[in-house]
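All chains are named by letter (A, B, ...) in the order of the sequence lines, taking the proteins before the strands, and each is independently numbered beginning at 1. Source: prediction; values computed, not measured.
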There are 4 protein chains.
Amino acid sequence: MKRQAPPAAESSATPGAARSSEKYQRILDAAIAVIAENGYFNAPVSRIAELAGVADGTVYLYFKNKEQILMAAIEKALTTFLERARQELQTVDDPKQRLRRLACLHFESLAANRELAVVLQIELRQSAKFLAEFSHRYLVEYFNLIRSIIREGQERGVFRQDVSEKIAANCYFGALDEMVTSWVLSEREYSLPAMADAVVDLLVRGMETRPDV
Amino acid sequence: MKRQAPPAAESSATPGAARSSEKYQRILDAAIAVIAENGYFNAPVSRIAELAGVADGTVYLYFKNKEQILMAAIEKALTTFLERARQELQTVDDPKQRLRRLACLHFESLAANRELAVVLQIELRQSAKFLAEFSHRYLVEYFNLIRSIIREGQERGVFRQDVSEKIAANCYFGALDEMVTSWVLSEREYSLPAMADAVVDLLVRGMETRPDV
Amino acid sequence: MKRQAPPAAESSATPGAARSSEKYQRILDAAIAVIAENGYFNAPVSRIAELAGVADGTVYLYFKNKEQILMAAIEKALTTFLERARQELQTVDDPKQRLRRLACLHFESLAANRELAVVLQIELRQSAKFLAEFSHRYLVEYFNLIRSIIREGQERGVFRQDVSEKIAANCYFGALDEMVTSWVLSEREYSLPAMADAVVDLLVRGMETRPDV
Amino acid sequence: MKRQAPPAAESSATPGAARSSEKYQRILDAAIAVIAENGYFNAPVSRIAELAGVADGTVYLYFKNKEQILMAAIEKALTTFLERARQELQTVDDPKQRLRRLACLHFESLAANRELAVVLQIELRQSAKFLAEFSHRYLVEYFNLIRSIIREGQERGVFRQDVSEKIAANCYFGALDEMVTSWVLSEREYSLPAMADAVVDLLVRGMETRPDV
DNA sequence: AATGAATGAGCGTTCATTCAT
DNA sequence: AATGAATGAACGCTCATTCAT
């Protein structure tokens, strides 16, 4: 994250790409592409550099090591997502609708960038240690958001009280996650966001208090 | 030529040597242990061999390459699981109960062997290609089993017809899967099977036809 | 020092060199040659391997890392020297003669293997840390030997008591050491052992009690 | 063109830029500090630049390459030392006293700047080639000074004629050198100059003609 | 079938040096 | 004169795989 002060601005003399330091971003994008294609451990830093159009050594001007590239990519994606999610959820009040909105965002975000989706769904879990650390640092916030919505719903009497909020959040996230993985692995092209309603429907029905008999 | 009868069945993952041999199994167990501990890419074949008590070269008498060890381990775990699942499900008729029974088995199987769980939940996803191939070859059967139960439920009028059986299966599997991942990553020790009822409850309620108003 | 059990014996089928594990020694010799030529930091392991006639990776079968090669070479040279020194000194009683004998051995040992001499005189001192550790582990024994001879001389009244044994040992070693360095750096070829008498003469005179006036 | 007058004298080790510049000196000091701490090969130019408070590239305005920094640092230290030595020796006539004075200066100079001492005693010897070139260019003068004193002593009949002046100089220098190395490596703090008398005593006694019996 | 020494391609990373500004 | 981002060659080391025994 030690983003070197970009030497100023893009000059004219540079063929094709802008000179200076959207290089950070170029490396990040290249990394996601190469990792998505080959997996983290089969993604040589040299290939990432090549795709980013920089020298091997340049990568290390922007990232401490290979792992940090992946970390940075994931962190950014998640931070962006959470920020957007929190913002959009402010305009929705009903817990059911909030879960629905969140699922749409989840799907839209990943559908918009399939390579990123591959990385998040698959490469993220290369090793227990990596995932564990990651989960604790970033994913936990997403979970907390989900749990807070469910809790709110329970307090309002919209969701059943006899469902552990933690378990419900797990099921909700797990269902979304599996849908994405399924989509990522599928050869057939289909709209992921279009699935949101069905999924949320199923889960919300599972959680809601019966409109009593 | 004192070739000791190389015992029968050879699957794709198993060349020249005996699949049933005791060494075969020892290598498999060692592989799961080492991979669970360090991750697939940080699991040297030499360490697997060491733990299995065989020479490095011996591993290659039983497996074509490193990837095939992981493949074989997973294949066996899944085959065993599916076999047992099919058997146990024969004694249950009600679709809801069948889903419940399946979830219990899912959790029990993995809770009984945490190392295997780590491998299945995490190491499985080293690369999109790997996972894709794996999914298509083995996981698809599990999915088909789940889907057939749901379909049966729909046909009997126990589950709503307006839920895509495919999506429902995804949600069901995703929820279970996330519960397991959560359990694997958790430091606190708790009973995974004990969670089965709550999870199935949530999902079954989401799928069932309302006991009409 | 983890010398792999050499797989048995030299077979006939091997062209030129013996098959198996004087490889350890070959690598050591190659290392000394390459380091003497280029200096430790400019001595690629790959060149050492090449000169030893083994693959790069093989080096690491015999040595934990590059530093350990240098360490092993030096340790062996010093151990051999000290062993021989102690043995030969048993046959000499007079302290003055013992110092003389030791100096001869010192010079002979290094003159017999100029490359080793280069390594010991020069490469040994690449870094303060390296040298410090080395001195404390190996050189200290040599110093102790020298000091014990001087002390003995003092006790017998052959050497002056008003000279710190430690300082005298430093001067003695320093003089020998400088002679060797001088010889190593000199382009002109001359006999190092031939210098021994003159050097020892100077130092012994400096230490001896005057045959009283 | 606002070229600030690039001040006069340029030696071999100093290209384009000013040798007398303040930055030049800052780089030199930084280099000695960093090299003393980490060794020449583990002393990144970037760290030297950082410590000197200049940009990486600036270093190359003052020095042709990394080696030249070390060269220049050593050259300056030796030049300064020799200049001072020659001056101080003008006030001493007796060869024995001159050797004593020289040893004191030797020890004082290095004791006054431990980092420089580390560099001179240890880092100087990174490679036979480096040391050889260095010896021939700078150290030789020091040796000549020592030899001239000894020769003078011999001519005056103070020192024995049967000692090669060259060997005697080697022993003298070697003894001093070893004392310094010993001091540099020692953890215990002690006064190096305090050792001068004892060392010189030993050597001078070794060289002097007996006050005849 | 079993061994394990040997291989060598491949990788992550460092750092002296350059050069456009 | 001064900068510091960029370069890319070079290196130490690992490890999947082979093969002579």
Side-chain angles (χ1 to χ4, degrees), chain A residues 4-9 11 13-14 19-21 23 41-49 54-67, chain B residues 2-6 16-18 21 23 41-49 54-67, chain C residues 4-9 11 13-14 19-21 23 41-49 54-67, chain D residues 1-6 16-18 21 23 41-50 54-67:
Chain A
Q4 250 85 339
S11 93
T14 324
R19 181 70 110 302
S20 204
S21 254
K23 252 170 201 167
F41 281 101
N42 290 315
V45 172
S46 60
R47 193 132 62 208
I48 294 174
V54 300
D56 291 15
T58 304
V59 171
Y60 291 87
L61 255 30
Y62 292 86
F63 300 92
K64 197 168 129 273
N65 55 38
K66 190 183 170 185
E67 188 178 311
Chain B
K2 54 174 174 177
R3 248 257 212 116
Q4 301 258 13
S21 150
K23 271 179 188 170
F41 281 99
N42 293 314
V45 172
S46 60
R47 193 136 61 205
I48 294 173
V54 301
D56 292 13
T58 305
V59 171
Y60 289 84
L61 295 175
Y62 292 86
F63 301 92
K64 196 168 126 267
N65 55 38
K66 188 182 170 185
E67 191 179 307
Chain C
Q4 250 83 338
S11 93
T14 325
R19 180 70 109 301
S20 204
S21 253
K23 253 169 201 168
F41 281 101
N42 291 315
V45 172
S46 61
R47 193 134 61 209
I48 294 173
V54 300
D56 292 15
T58 304
V59 171
Y60 291 86
L61 256 30
Y62 292 86
F63 300 92
K64 197 169 128 274
N65 54 38
K66 189 183 170 185
E67 190 178 310
Chain D
M1 241 187 248
K2 56 175 175 180
R3 252 262 207 109
Q4 300 259 10
S21 150
K23 272 179 189 168
F41 281 98
N42 292 315
V45 171
S46 61
R47 192 134 63 208
I48 294 174
E50 186 186 30
V54 300
D56 292 16
T58 304
V59 171
Y60 289 84
L61 294 174
Y62 291 86
F63 300 93
K64 196 167 127 267
N65 54 37
K66 188 182 171 184
E67 190 178 309

Could you report the tightest heavy-atom contact between C:Ser46 and C:Asp56, atom names first, then the distance?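 Closest approach of C:Ser46 to C:Asp56: CB-OD2, 3.4 Å.
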What are the two closest heavy atoms between A:Asn65 and A:Tyr60, and how far apart are they?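 In terms of heavy atoms, the two residues are closest at CA-CE2, 3.8 Å.
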Report the residue (A:Gly57 or B:Val54) whose heavy-atom-nearest nucleotide on DNA chain E is the more 5′ of the two.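 Its nucleotide being nearer the 5' end, the pick is B:Val54.
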Atom pairs, N/O to N/O, protein against nucleotides 10-13 of chain F, distance under 3.5 Å?
unit_1	atom_1	unit_2	atom_2	d
F:dG12	OP1	C:Lys66	NZ	2.7
F:dG12	OP2	C:Val45	N	2.9
F:dC13	OP2	C:Tyr60	OH	2.8
F:dC13	OP2	C:Lys66	N	2.9

Any C:Thr58 side-chain N or O less than 4.0 Å from OP1/OP2 of E:dA6: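 No, because none of the side-chain N or O atoms of C:Thr58 sits under 4.0 Å from OP1 or OP2 of E:dA6.
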With a 4.0 Å limit, can you tell me whether B:Lys23 has a side-chain N or O closer than that to the phosphate oxygens OP1/OP2 of E:dA2?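 Indeed, a polar side-chain atom of B:Lys23 lies that close.
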Rounded to the Å, how far apart are C:Phe63 CZ and F:dT14 P?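 About 15 Å, once rounded to whole Å.
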Distance in angstrom units between D:Glu50 CD and E:dC15 C1', rounded: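 About 14 Å, once rounded to whole Å.
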Quick check for you: among F:dG8, F:dT3, E:dT3, whose closest atom lies nearest to any side-chain atom of A:Ala55?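 For the A:Ala55 side chain, the nearest candidate turns out to be F:dG8.
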Looking at E:dA2, F:dT7, F:dT3, which one has an atom nearest to any side-chain atom of B:Tyr62?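 The closest nucleotide is E:dA2.
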Distance (rounded to the nearest 0.5 Å) between B:Glu67 CD and B:Lys64 NZ: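 It comes to 8.0 Å.
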I'd like to check the side-chain contact (heavy atoms from CB on, under 4.5 Å) partners of A:Val54; sequence neighbours left out, ordered by chain and number.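 If we apply the side-chain contact (heavy atoms from CB on, under 4.5 Å) test to A:Val54, skipping adjacent residues, the hits are A:Lys23, A:Arg26, A:Ile27, A:Ala49, A:Ala52, A:Thr58, A:Val59.
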With sequence neighbours left out, write down each residue that passes side-chain contact (heavy atoms from CB on, under 4.5 Å) with D:Glu50, or none if nothing qualifies.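 D:Glu50: side-chain contact (heavy atoms from CB on, under 4.5 Å) contacts with D:Arg47.
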For DNA chain E, what string of dots and brackets results from 5' to 3' when Watson-Crick and G-U pairs need both distances under 3.5 Å, crossing pairs get [ ], and pairs with another strand get |? .||||||||||||||||||||
